[in-house]
Engineer: 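Please read through the structure below; I'll follow up with questions.
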Amino acid sequence: MYSIMAARYKYFPEVKTKGMAAVPKLVLFTSEHGYIPLYVNATAGTTVYGAFDPIQEIADICEKYNLWLHVDAAWGGGLLMSQKHRHKLSGIERANSVTWNPHKMMGVLLQCSAILVKEKGILQGCNQMCAGYLFQPDKQYDVSYDTGDKAIQCGRHVDIFKFWLMWKAKGTVGFENQINKCLELAEYLYAKIKNREEFEMVFDGEVAPKIKALMMESGTTMVGYQPQGDKANFFRMVISNPAATQSDIDFLIEEIERLGQDL
Ligand SMILES: *Cc1c(COP(=O)(O)O)cnc(C)c1O
């Protein structure tokens with residue numbers, strides 16, 4: 001929402017004082033005909049598949065046609081901490097704005113969601129209401145740290161502090177190891193399932209919801225599942241907890257097999 005508001009304000013600042021009726025009909029993606037393209041959203045780590053859009057190629061098009069580029073790295077942003085995996089987000093530095101939720105891949109306690117905007121001053125220009133009793137410009141300190149006037153809300157807790165503290169404690173190397181380990185475990189799980197006769201990578205049918213129900217009843221494991229279009233239900237494995245080990249993966253696979261035996 002913030003990136004859309006900032007993009008709209010950048011191209012049509014009058015929207016702030018005159019409202020949407022004062023600007024042309026806008027679209028957020030290049031449509032085949034009509035309207036004015038304004039904004040492209042690329043995803044770095046889709047919520048269900050973990051897929052990454054090619055940011056460099058998308059950025060080339062956005063630069064050519066002067067479009068706002070937003071990268072939704074809510075899930076995938078954590079990979080930036082890993083020298084090995086950060087190439088998946090190559091080009092993210094060209095984005096106008098980025099979403100990054102350290103409470104997902106990084107394991108920071110809920111909630112901790114960041115919106116990073118490249119152009120200095122645009123969030124303030126877009127959102128500030130100049131409450132004279134709050135955000136005086138003539139304070140004795142650098143008022144660029146007054147974030148209240150850059151957001152549509154005002155007094156809120158400082159969620160990013162948890163991330164800062166964790167980063168101080170673990171260091172960049174600590175986060176890098178954590179991310180690498182989660183991705184290694186995902187590969188381990190993938191290889192095990194591929195080589196196991198009792199499993200298919202995507203179930204065709206209704207097995208996953210039944211096994212999930214049995215999981216919850218027996219209280220041993222809990223894995224989300226997701227339909228693929230209107231067809232198959234499959235288990236959506238997300239490994240983001242740095243305490244997970246290979247034996248957890250082994251247990252999970254055995255458990256799914258055990259619970260599904262009579263189906
Ligand atoms: C979780 C998620 C979001 C939503 O993030 P919130 O901070 O909870 O609003 C957006 N995009 C993707 C890809 C996500 O995985």
Side-chain angles (χ1 to χ4, degrees), residues 1-8 27-29 38-59 62 67-82 85-118 122-123 126-127 147-148 150-167 175 178-183 185-186 189-190 208 212 222-229 233-242 244:
M1 181 184 71
Y2 271 111
S3 67
I4 290 170
M5 285 170 62
R8 193 179 60 175
V27 288
L28 301 187
F29 205 79
L38 172 82
Y39 175 110
V40 174
N41 175 48
T43 307
T46 58
T47 311
V48 174
Y49 288 94
F52 286 75
D53 281 330
I55 301 174
Q56 296 284 16
E57 282 92 330
I58 294 171
C62 289
L67 299 169
W68 185 281
L69 174 59
H70 179 73
V71 176
D72 181 346
W75 251 115
L79 266 58
L80 289 169
M81 292 288 185
S82 163
H85 298 289
R86 62 183 308 163
H87 66 90
K88 294 199 174 98
L89 295 114
S90 165
I92 195 169
E93 69 282 357
R94 297 168 69 187
N96 297 87
S97 55
V98 171
T99 303
W100 182 4
N101 287 3
H103 69 229
K104 293 187 174 174
M105 191 80 208
M106 317 287 295
V108 175
L109 294 181
L110 271 170
Q111 72 182 40
C112 182
S113 305
I115 168 94
L116 308 172
V117 178
K118 181 177 265 172
I122 192 136
L123 273 185
C126 180
N127 296 307
T147 49
K150 299 173 192 166
I152 56 172
Q153 299 163 314
C154 186
R156 289 297 181 277
H157 44 106
V158 188
D159 290 317
I160 206 70
F161 180 64
K162 289 176 284 192
F163 183 26
W164 180 85
L165 206 59
M166 214 165 168
W167 203 338
F175 266 131
Q178 180 176 321
I179 297 292
N180 287 347
K181 189 182 157 202
C182 289
L183 278 125
L185 275 183
L189 172 66
Y190 177 80
K212 165 76 184 253
M222 197 151 103
V223 184
Y225 64 88
Q226 166 80 24
Q228 189 193 31
N233 266 303
F234 62 92
F235 281 113
R236 173 185 170 234
M237 275 302 300
V238 176
I239 301 165
S240 62
N241 186 337

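Counting convention: from 1, in listed order, for ligands and their atoms alike.
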Engineer: Measure the spacing between NZ of K181 and CD1 of I239 and express it to the nearest 0.5 Å.
Structural biologist: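 Here the rounded value is 10.0 Å.
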Engineer: Hey, which atoms in ligand 1 end up nearer than 4.0 Å to a heavy atom of G45?
Structural biologist: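 Every atom of ligand 1 under 4.0 Å from some heavy atom of G45: 13 (C).
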Engineer: Within the 4.0 Å heavy-atom shell around S113, which atoms of ligand 1 are there?
Structural biologist: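 Those qualifying, in numeric order: 7 (O).
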Engineer: Counting both backbone and side chain atoms, is some N or O of T47 under 3.5 Å from an N or O of ligand 1?
Structural biologist: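 Such a contact does occur with ligand 1.
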Engineer: I need the atoms of ligand 1 closer than 4.0 Å to a non-hydrogen atom of W75, numbered in the order shown.
Structural biologist: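 Within the 4.0 Å cut-off of W75, ligand 1 contributes 15 (O).
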Engineer: Looking only at side chains, do T47 and W75 share a donor and an acceptor under 3.5 Å apart?
Structural biologist: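 Absent: no donor and acceptor within the cut-off.
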Engineer: Between T46 (side chain only) and G50 (backbone N and O only), is there a donor and an acceptor less than 3.5 Å apart?
Structural biologist: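 Between the backbone of G50 and the side chain of T46 there is a qualifying donor-acceptor contact (under 3.5 Å).
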Engineer: Would you say G76 contacts ligand 1, with heavy atoms under 4.0 Å as the rule?
Structural biologist: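 Checking ligand 1 against G76, which is what was asked, there is no heavy-atom contact under 4.0 Å.
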Engineer: Does the N or O separation between T43 and ligand 1 drop below 3.5 Å for any pair?
Structural biologist: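 In fact, backbone or side chain, T43 has no N or O that close.
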Engineer: Which residue from N101, T99, T46 reaches closest to atom 8 (O) of ligand 1 through any of its heavy atoms?
Structural biologist: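 It is N101 that holds the nearest heavy atom.
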Engineer: Run the side-chain contact (heavy atoms from CB on, under 4.5 Å) check on S90 and I55 step by step: do they pass?
Structural biologist: CA-CA 6 Å; S90 165; I55 301 174; over 6 Å; no
Engineer: Is it true that a side-chain atom of Y2 and a backbone atom of I152 form a donor plus acceptor pair closer than 3.5 Å?
Structural biologist: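 Between the backbone of I152 and the side chain of Y2 there is a qualifying donor-acceptor contact (under 3.5 Å).
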Engineer: Between atom CD1 of I58 and atom CG of L67, what is the distance when rounded to the nearest 0.5 Å?
Structural biologist: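 Going from the CD1 atom of I58 to the CG atom of L67 covers 11.5 Å.
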Engineer: Does one side chain, of T43 or D72, offer a donor that lies under 3.5 Å from an acceptor on the other?
Structural biologist: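 Their side chains do not contain a donor-acceptor pair, so the 3.5 Å distance test is not met.
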Engineer: For ligand 1, which atoms, with element, lie under 4.0 Å from some heavy atom of A74?
Structural biologist: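 Counting from 1, the qualifying ligand atoms are 2 (C), 3 (C), 10 (C), 11 (N), 12 (C), 14 (C).
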Engineer: Can you pull out the closest protein heavy atom to atom 11 (N) of ligand 1? Residue, atom name and distance to 0.1 Å, please.
Structural biologist: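 Of the protein heavy atoms, D72 OD2, 2.6 Å lies nearest.
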Engineer: Any idea which protein heavy atom is nearest atom 3 (C) of ligand 1, and the distance to it?
Structural biologist: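 The closest one turns out to be K104 NZ, 3.5 Å.
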